[in-house]
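Remember, it's 1-based here, ligands and their atoms both numbered in the order they're listed.
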Amino acid sequence: MVTGGAVRIGRAICEALAGAGLNVIVHYRTSAAEAETLVADLERRGVQAWALAADLTSEAACNDLVRRAVAVAGRIDILINNAAVFHKDSLCATTGAGLLAEFWPNLFAPLLLMRALAQQSAGGKIVNLLDRRIAGHDASCVPYVLAKKALADLTQLAALELAPRFTVNGVAPGAVLPPPGRGADYLLDHAGPVPLQKQVSPADVAAAVLALLQNDVVTGQILFVDGGQHLL
Ligand SMILES: NC(=O)c1ccc[n+]([C@@H]2O[C@H](COP(=O)([O-])OP(=O)(O)OC[C@H]3O[C@@H](n4cnc5c(N)ncnc54)[C@H](OP(=O)(O)O)[C@@H]3O)[C@@H](O)[C@H]2O)c1
């Protein structure tokens, strides 16, 4: 199951999973048409696929998504916590409501989905989508960075607690796509220097997710897919 899997990086991950012969549950919140198109496309490739909607901003919604996913697919072997929001807010611009709006999809939902999966599944693999900003102090998006840093720590806490049944790893992309609604020039203006001088693609991120899924002895790792930007 890939959360936020209908569009953008999540869609590339769904396509990579299907390419590896895996059945895919495409979770979405608002992108219903894209999710249905993707499901049809994946099924044409010979795997089973399902689209499930949920707004992951409550404990009940997270538990219910896992319950419905198991009901349609039989079981969940792999959870990719990809759904997220990204807002630019400095410390002084942060409000209580804004903090919660950022923390729910970016941190609380991944935690609750991992817990629900651990409670209902014999074992499997989990990958959390992080951000190369966890290696620095980008003060332009404080709630987002805090949530992703906490998710990175949670990835390692979960790797310990859920062993030996699950591997739990993180993938930390650099700038891949501009935020929804922003043009390609946004990346040029905001991405900053990249040592490898290469643009990271959604397929690059999906390939890193797949590599972690294909390994049975790697857990608690965070794989930066950012052209080396986290080193600066
Ligand atoms: N884009 C980048 O360059 C970049 C860089 C570093 C890290 N990342 C990380 O990589 C992952 C994918 O990035 P992305 O840019 O492709 O993500 P995105 O487009 O910002 O978000 C992915 C999906 O998350 C879903 N979502 C948002 N809020 C939700 C909620 N309350 N409940 C349920 N679903 C919700 C939305 O699904 P619907 O469309 O169905 O509403 C959205 O399309 C994210 O975790 C992001 O933080 C991305």
- Query: Are D138 and R133 ion-paired here, with the side-chain N under 4.0 Å from a carboxylate O?
  - Reply: yes
- So, D153 and K149, do they make that salt bridge, N to O below 4.0 Å? no
- Who are the residue neighbours of ligand 1 when the rule is a heavy atom under 4.0 Å from any of its atoms? G4, V7, R8, I9, H27, Y28, R29, T30, S31, A54, D55, L56, T57, N82, A83, A84, V85, L129, L130, D131, Y144, K148, P173, G174, A175, V176, L177
- Message: Any salt bridge linking E161 with R115? Criterion: basic side-chain nitrogen under 4.0 Å from a carboxylate oxygen.
- Response: no
- Task: Indicate yes or no: does K125 engage D216 in a salt bridge with an N to O separation below 4.0 Å.
- Result: yes
- Message: Please list all pairs meeting ring-ring contact (aromatic ring centres under 6.0 Å, His included) that have one or both residues in residues 74-110, counting only residues at least two apart or in different chains.
- Response: F86-Y144, F103-F108, W104-F108
- Task: Give a yes or no answer on whether the side chain of Q156 reaches the backbone of Q221 with a donor-acceptor pair at less than 3.5 Å.
- Result: no
